[in-house]
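All values below were derived from every heavy atom in this structure, side-chain atoms included, with hydrogens, water molecules and symmetry-related copies excluded.
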Amino acid sequence: MVDLRQKPYYLNEEQVKWVEDTIASMTVEEKIGQLFVNMVANADERRPEAIKAVLSTYHPGAIRYHNAPKEELWEMAKNLQEYSKIPLLIASNCEMGGNGGVNEGTTLANGAAMAAMDSEAEVRRMAAISAKESEAVGCNWNFAPVVDLTYNWRNTIVQLRAFNDSPEDVIRYGKAFFEGMRTKNFATCMKHFPGDGTEENDQHLIMGINGMSAEEWDESFGKVYKALIDEGCMTIMAGHIALPAYSKKLCPGIKDEEIRPATLAPELITGLLKGQLGFNGLVVTDASHMIGMFGATIPRSEQVPGAIAAGCDMFLFFNDRDEDFGYMMDGYQKGVITEERLNDALHRILGVKAALNLHVLKAEGNLVPPRENLAVVGCAKHHEAAREMADRFVTLVKDRCHYLPMTKERYGRLKLVYIGSEATVIAGQKFKSNDDAVIQDIVEQLEARGFSVDAAVEQKKGKMEEFRRKYDAVLLVLNVQGFAQFNTMRIKWDEPAKQPWYMSELPTFVVSLSNTNNLIDVPMARCYINSYLPTHETFAATLEKMAGESPFMGRYNENVFCGRWETRF
């Protein structure tokens, strides 16, 4: 049984008593409900009557939601906490700023950008601003940091979200992230155990496989998890990622067809994470709609209780609330989830809530900050921080032919070629890309600097000499992003005229506002810059550096060259 007086809870006697008394007072239905993290997916589900119905019927222990305007989210959190008998953990995904918790939140720096800065102070600052903005709308649980290791340059799932492929760096940045989040009343959640980044497949679409040997894992992902567990991380998200070497080590005789993703593998959650690594905190599954879990070749009726039986303490998202609640209850009644395992999970869930003093805040009526705190969300001070960080992380990978600086005097007439994304899937829901807004911002910033910009998409290449007379240079902007649609993300040249034929005709500046491995598709680029984010502040910093007004300060990881010789020159 979990010891709530020890790391990471450090509960006092009053807090332990609240946990014990609360569990003792709960009905079986309330106990089963605490195991679920419910998704509030849209405006209809944010209605007070809808919130009341879900809480009174399913009694979830935590909430996650899709982003919305800050006023709407504040009202949602207020209603959630008022209507819930037991205070709720309200989770956001603030990996790179307050934008992960609220529409108007400030985008600051993703994991790759933080590694490019190589500054623990900036990571700490980023996390503190994330905590401040997301707390304002009622959040108290951050599904971050991402502590995966990007060993495979083809992996696009965590290529930007993770820091890099150095365990030592990830430990440094992870500790700084925790420190920043602790400036507010937050539980952090490092992910995705046992570790993404070793392969190219997307666990949203297929079960991930970390193919390391047990010894290799111990010296990489294991080193990261052990150090950050010792640092006091309160919660960990288990990925739909198998670790066959450790499953075989801990379960001698296990057959290949019996190997499961960590979310369903007791040897990985109970044996490796909670046992060998000594994690005393709460384990939550990654989103259960992901095919990495569905594709485990056992029916969902077994997966739902099976995840808790394996050692996960909370189950992320209902598919159908009635059905999944029934599956979990049935698993408990049939003994798949033992009384001991249920009791242990409940202690861990309520232990996190007590460690955050949510029960005290609820009694005081202070679970949700005052409405006036919403003013910090996306405030000018935070956007200035975003600008300062961008100045440090924008990275020049190469400028072999010395095209830079890009000034209006040298290249006054620009042809803009933009490659974007069709859509992004987040937590099982498809969202249209914001390419139109990004293009407009790019054009406006270039024109404000005196450039003449042609962003029209031509139907054919046309005559080479005419193209050379018409333009001084080409700016190719790549913003290929998204996951849960393809197992690998590559540049899609959606129009023939966009294909990089112009690189042999005119100086071409390639700027990536997303994935860092785009040189695999444009190895002939003479000038290539990684800017990491498609934000106004980031592109402004990029233009300053391209114009020679400030130096490039970001550092790149060798993954940018995609393991190829021709990408380097």
Side-chain angles (χ1 to χ4, degrees), residues 1-28 30-37 59-63 81 84-91 139-143 178 181-182 184-191 193 225-238 266 269-285 307-316 332 337-364 366-367:
M1 175 64 69
V2 61
D3 186 349
L4 297 179
R5 294 172 179 80
Q6 301 300 317
K7 186 186 297 180
Y9 311 97
Y10 299 114
L11 299 193
N12 59 35
E13 294 308 312
E14 180 276 326
Q15 292 168 320
V16 171
K17 184 177 187 302
W18 175 79
V19 171
E20 299 292 358
D21 290 349
T22 301
I23 293 174
S25 70
M26 294 164 71
T27 64
V28 172
E30 288 170 337
K31 291 179 179 180
I32 295 299
Q34 281 291 303
L35 303 176
F36 286 99
V37 181
H59 322 287
I63 298 293
Q81 297 292 21
S84 182
K85 176 181 173 183
I86 299 169
L88 290 160
L89 291 169
I90 298 182
C139 292
N140 51 36
W141 192 13
N142 188 10
F143 287 165
F178 293 161
M181 292 303 302
R182 288 175 187 144
K184 294 296 180 181
N185 193 37
F186 261 86
T188 47
C189 183
M190 57 181 176
K191 58 189 182 186
F193 180 85
Y225 274 98
K226 184 69 173 77
L228 296 180
I229 287 170
D230 290 346
E231 189 68 15
C233 184
M234 297 187 76
T235 74
I236 290 176
M237 181 176 286
I269 303 300
T270 302
L272 177 56
L273 179 57
K274 291 183 174 180
Q276 185 171 312
L277 294 178
F279 182 58
N280 195 42
L282 180 154
V283 179
V284 59
T285 72
I308 305 301
C312 296
D313 304 297
M314 297 196 84
F315 193 87
L316 190 59
Y332 167 67
I337 303 172
T338 65
E339 193 68 42
E340 181 183 14
R341 175 77 273 269
L342 176 62
N343 199 34
D344 180 63
L346 291 171
H347 277 78
R348 292 173 189 263
I349 297 165
L350 270 69
V352 170
K353 296 180 180 185
L356 297 177
N357 279 313
L358 299 189
H359 60 302
V360 175
L361 293 171
K362 183 174 179 64
E364 296 172 348
N366 293 323
L367 269 174

Do [X] and [Y] have side chains that get closer than 4.5 Å, going by heavy atoms?
X: P87; Y: L361; value: no
X: K353; Y: Q34; value: yes
X: N280; Y: K7; value: no
X: V352; Y: R348; value: no
X: L277; Y: F193; value: yes
X: Q15; Y: L4; value: no
X: D344; Y: E340; value: no
X: N185; Y: L358; value: yes

[X] [atom1] to [Y] [atom2] distance, which is reported to the nearest 0.5 Å:
X: H347; Y: I23; atom1: NE2; atom2: CD1; answer: 4.0 Å
X: I86; Y: Q81; atom1: CD1; atom2: CD; answer: 11.5 Å
X: M181; Y: N140; atom1: CE; atom2: CG; answer: 10.0 Å
X: Q6; Y: Y10; atom1: CD; atom2: OH; answer: 7.5 Å
X: F143; Y: T235; atom1: CZ; atom2: OG1; answer: 7.0 Å
X: L35; Y: L346; atom1: CG; atom2: CG; answer: 6.0 Å

Please say whether more than 12 non-hydrogen atoms of neighbouring residues, nucleotides or ligands are located less than 6.0 Å from NZ in K85.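 Atom NZ in K85 is crowded, with more than 12 foreign heavy atoms closer than 6.0 Å.
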
Looking at every non-hydrogen atom in both residues, tell me the closest pair between [X] and [Y] and how far apart they are.
X: A238; Y: I269; value: CB-CD1, 3.8 Å
X: C233; Y: M190; value: SG-CG, 3.7 Å
X: A355; Y: Y9; value: CB-O, 3.9 Å
X: G232; Y: P8; value: O-CB, 3.5 Å
X: C189; Y: W141; value: CB-NE1, 3.8 Å
X: M314; Y: F36; value: CE-O, 3.7 Å

Qualifying residue, where the test is side chain to side chain contact (heavy atoms under 4.5 Å, CB included) with V37 and the options are T285, I90, V284: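 The residue from T285, I90, V284 that satisfies side chain to side chain contact (heavy atoms under 4.5 Å, CB included) with V37 turns out to be V284.
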
Passes side chain to side chain contact (heavy atoms under 4.5 Å, CB included), L88 versus L367? Steps please. CA-CA 9 Å; L88 290 160; L367 269 174; over 6 Å; no

Sort out for me which residue in K31, R341, E339 forms a side-chain hydrogen bond (donor to acceptor under 3.5 Å, both in side chains) with Y332.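 Exactly one option meets the side-chain hydrogen bond (donor to acceptor under 3.5 Å, both in side chains) with Y332, and it is E339.
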
Please test F186 against C139 for side chain to side chain contact (heavy atoms under 4.5 Å, CB included), starting from the C-alpha separation and ending with a verdict. CA-CA 8 Å; F186 261 86; C139 292; 3.9 Å; yes

Worked check of side chain to side chain contact (heavy atoms under 4.5 Å, CB included) between I308 and L342: CA-CA 8 Å; I308 305 301; L342 176 62; 5.8 Å; no

Using the salt bridge (Lys or Arg N to Asp or Glu O under 4.0 Å) criterion, which residues pair with K274? Sequence neighbours excluded.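 Once residues adjacent in sequence are excluded, the partners of K274 under the salt bridge (Lys or Arg N to Asp or Glu O under 4.0 Å) criterion are D313.
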
Can you list the steps and then say if I32 with H59 is a side chain to side chain contact (heavy atoms under 4.5 Å, CB included)? CA-CA 8 Å; I32 295 299; H59 322 287; over 6 Å; no

